[in-house]
Every structure is written in C-alpha cells, then in structure tokens.
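Proteins come first, then strands; the chains are lettered A, B, ... in the order of their sequence lines, and each starts at number 1. FYI, side chains are in, hydrogens and waters are out, and symmetry mates aren't considered; it's all heavy atoms of this structure. What you are looking at is a predicted structure, and each value in this text was computed from that prediction instead of being measured.
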2 protein chains.
Amino acid sequence: MKKKKFEEIKKLIECIGLNVDVNEYIMGLKKKKEDVLSTVNFKEKVNYHKALGHKSRYLIYNLIKRKEMCICELDVILDLAQPTISHHVKILEHANLIEGIKSGKFTHYQIKKEID
Amino acid sequence: MKKKKFEEIKKLIECIGLNVDVNEYIMGLKKKKEDVLSTVNFKEKVNYHKALGHKSRYLIYNLIKRKEMCICELDVILDLAQPTISHHVKILEHANLIEGIKSGKFTHYQIKKEID
DNA sequence: TAGATAGATAGATTTAAATATATCTATTTA
DNA sequence: TAAATAGATATATTTAAATCTATCTATCTA
C-alpha cells in the first residue's frame, strides 16, 4: 500500500472512530462512488450542467425557451461573433437541450429538453 | 450604425419577412434578452450549473447526497490531491449546493440544495 | 503548552474552454 | 447556372479552470 493511502486511512480512522471496521467502511465508500459513477445518465447530466454553466449559453438557452430562434436572430442581440454563437449553440445541441430544424438557408433552434 | 449591425439586420429581414416592422422586432428580441438577464436568480443558476458541470464535482456532490462526508473520506475514494478536493468542495459550497459543519478538526459537508 | 493533524490557502503549472478571423458548404434565387 | 448568403468548420489566440506542491491556521490531545 502506498504511503499516501496509509496517511489517508489514518485520518479516516480518527474521523469514523476506532470501533468501526475500517476496511469494510472504505469498501462502502468505494461502492458509493461506483454507484454514482454508474448511474444511467451520469455523463449526460454532467454534460448539460456544463452546457448551461456559462453565462452566454444559459442566456441563449433561455432565449430559445421563450421563442425558437435562428443564428441570425441571436446575432442581432448578442455581443458575440457569429461563429462563437454557432459554437455555443452546437454545445447546447450536443447536450440534447435544443435541436435545430433546417428550413432553407435558415436553421430554427428550439427547446428539446426543459431544464431550469 | 456599424457595418456589422447592418449586415445582421439584412439577414434578419430575410428571415422574418419583409412585412414585419424590423425595428419593433429587434426591440422585442432585445427585451427578451433583458428579461432573461434580469431574472432574479440568473447568476445563481449559471453558478450552480457551472459547479455541477464538472465530473469530479458532480461526483462529490452526489456522494455527499448519499451521506455527509468530510474531506478525509473523499480523499480516500477520489484520485485527487487533498487541496484539489478542498478546491472543488469550496466551489460547491459557494454555489450554495452544500454546506460544511465544523466539528473539531473535522468538517462534515452536507447537502444544502437539491439539484438533479 | 508543545506536538500532531484536518483542511484551507498561496503560488505555479498544466489543461481546457472561449473567442475571433478566415474560409467552406449547402441552399436559394435572379 | 452564377451570384448571394446562412451558418458551419478550421485554426490561432486569449482567457479561465484544474491540478499539484508547499505552506499555513485552527484545533485537538498527550
């Protein structure tokens, strides 16, 4: 066992008390970790939180929530270059939060998944 | 009016149609933007999405959801240095998602706000 | 009260994300 | 079918976040 791990466990024993089976306790903790990581939508959820965890994207998402929009409409109201807007929109789309419906030259983006 | 803005509006006219009052339409869009930005908890929400939009933090948050934990417990199960764990925990705390209750040398972190 | 220790903070480095300019592609229309 | 154009992609640069090592602070206990 690595030295670092040994130090960690020494701390843990003081925290949880001496009258607890340390190995069992650690196995319990590790199981919790595996349970969380293997939750069905774990990655998906991290992804949409990441997508919404940026001011411009949260704004774009909520604008589209109020009314479907094309890039050209967003371009008028946001202080960002068009490729930057397209980039953010794509991130929201990949996170399955919005979807783009193409109609001729224009693409109308609408809400696909409602998140607050 | 800047050249860029003029180009944007030219696009917009084609998108929304010629028989619409463009200035009024743009004002409507800008109002939507202001409405969204001035929503009461706008910043707070961006903040907690940002906090949860990282694999390690979403994991830590969900571990604490299952059971209150101290840094030393997280230290045993995560493949991160202790200061890195403290750093992530602090971000979750600042986003009002968890809170730390100090008890002697140990600090027990528990859920303050439930987010999925 | 001196030594030990949980967890926070400081500072430096690495890694990732945001943004811009330039260009490309698909589609429309004259 | 050639010119125009919405929006995507490529690439480079800037900015921000993640992570580490070293150190500090508050608290416990021997």
Sequence neighbours excluded - salt bridge (Lys or Arg N to Asp or Glu O under 4.0 Å) pairs with any residue from residues 98-109 of chain B:
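Residue pairs passing salt bridge (Lys or Arg N to Asp or Glu O under 4.0 Å), neighbours aside: A:Glu14-B:Lys105.
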
Residue pairs, two or more places apart or on separate chains, that pass salt bridge (Lys or Arg N to Asp or Glu O under 4.0 Å) and touch residues 42-51 of chain B
A:Asp116-B:Lys45, B:Glu44-B:Lys113

Sequence neighbours excluded - side-chain hydrogen bond (donor to acceptor under 3.5 Å, both in side chains) pairs with any residue from residues 24-34 of chain B:
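Passing the test, one end in residues 24-34 of chain B: A:Lys67-B:Tyr25, A:Glu73-B:Tyr25, B:Lys31-B:Asp35.
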
Give the rounded distance in Å between these two atoms: [atom1] of [X] and [atom2] of [N].
{"X": "B:Asp75", "N": "C:dT5", "atom1": "CG", "atom2": "P", "result": "15 Å"}
{"X": "A:Leu92", "N": "D:dA8", "atom1": "CG", "atom2": "P", "result": "12 Å"}
{"X": "A:Glu14", "N": "D:dT29", "atom1": "CD", "atom2": "C1'", "result": "9 Å"}
{"X": "B:Glu99", "N": "C:dG7", "atom1": "CD", "atom2": "P", "result": "16 Å"}
{"X": "A:Ile16", "N": "C:dA6", "atom1": "CD1", "atom2": "C1'", "result": "15 Å"}
{"X": "B:Glu73", "N": "C:dA6", "atom1": "CD", "atom2": "P", "result": "12 Å"}
{"X": "B:His94", "N": "D:dA18", "atom1": "NE2", "atom2": "P", "result": "14 Å"}

End axis versus end axis in the helix from C:dT1-D:dA30 to C:dA30-D:dT1, the angle rounded to 10°, five pairs used at each terminus:
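Rounded to the nearest 10 degrees, the bend comes out at 30°.
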
Minimal non-hydrogen separation, [X] against [Y], with atom names:
{"X": "B:Ile91", "Y": "B:Ala51", "result": "CG2-CB, 4.0 Å"}
{"X": "A:Lys65", "Y": "A:Ile111", "result": "CA-CG1, 3.5 Å"}
{"X": "A:Asn23", "Y": "A:Asp21", "result": "N-OD1, 3.1 Å"}

Contacting residues from residues 100-112 of chain B, given that a heavy atom lies under 4.0 angstrom of DNA chain C:
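Correct list: B:Lys105, B:Phe106, B:Thr107, B:Tyr109.
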
Not counting sequence neighbours, which residues clear ring pair (Phe, Tyr, Trp, His ring centres under 6.0 Å) with B:His88? List them please.
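Scan of B:His88 (ring pair (Phe, Tyr, Trp, His ring centres under 6.0 Å), adjacent residues dropped) gives B:His54.
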
Of all residues at least two apart in sequence or in a different chain, which pass the ring pair (Phe, Tyr, Trp, His ring centres under 6.0 Å) check with A:Tyr58?
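For A:Tyr58, the residues satisfying ring pair (Phe, Tyr, Trp, His ring centres under 6.0 Å) (neighbours in sequence not counted) are B:Phe42, B:His49.
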
Taken in chain and number order and not counting sequence neighbours, the residues that satisfy side-chain hydrogen bond (donor to acceptor under 3.5 Å, both in side chains) with A:Lys90 are none

For B:Ser56, what residues pass the side-chain hydrogen bond (donor to acceptor under 3.5 Å, both in side chains) criterion, not counting sequence neighbours?
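Checked B:Ser56 against side-chain hydrogen bond (donor to acceptor under 3.5 Å, both in side chains); zero matches.
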
Got a sec, which pairs hit ring pair (Phe, Tyr, Trp, His ring centres under 6.0 Å) with one end in residues 60-83 of chain A, sequence neighbours left out?
none

Can you list, by residue number, the residues of residues 60-70 of chain A that have a non-hydrogen atom closer than 4.0 angstrom to DNA chain D?
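Heavy-atom contacts with DNA chain D come from A:Cys70.
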
Donor-acceptor contact below 3.5 Å, side chain B:Glu93 vs main chain B:Gly100
yes

Before giving the answer on side-chain contact (heavy atoms from CB on, under 4.5 Å), spell out for A:Gln82 and A:Ile71 the whole-Å C-alpha distance, their side-chain angles and the decisive distance to 0.1 Å.
CA-CA 7 Å; A:Gln82 175 266 312; A:Ile71 301 292; 3.9 Å; yes

Restricting to nitrogen or oxygen on both sides, can you table the protein-nucleotides 15-25 of chain C pairs closer than 3.5 Å?
unit_1, atom_1, unit_2, atom_2, d
C:dA18, OP1, A:Arg57, NH1, 3.2
C:dA18, OP1, A:Arg57, NH2, 2.9
C:dA18, OP2, A:Arg57, NH1, 3.2
C:dT19, OP2, A:His88, NE2, 2.5
C:dA20, OP2, A:Ala81, N, 2.9
C:dA20, OP2, A:Thr84, OG1, 2.9

At under 4.0 Å, does any side-chain N or O of B:Ser86 touch on OP1 or OP2 of C:dA8?
yes

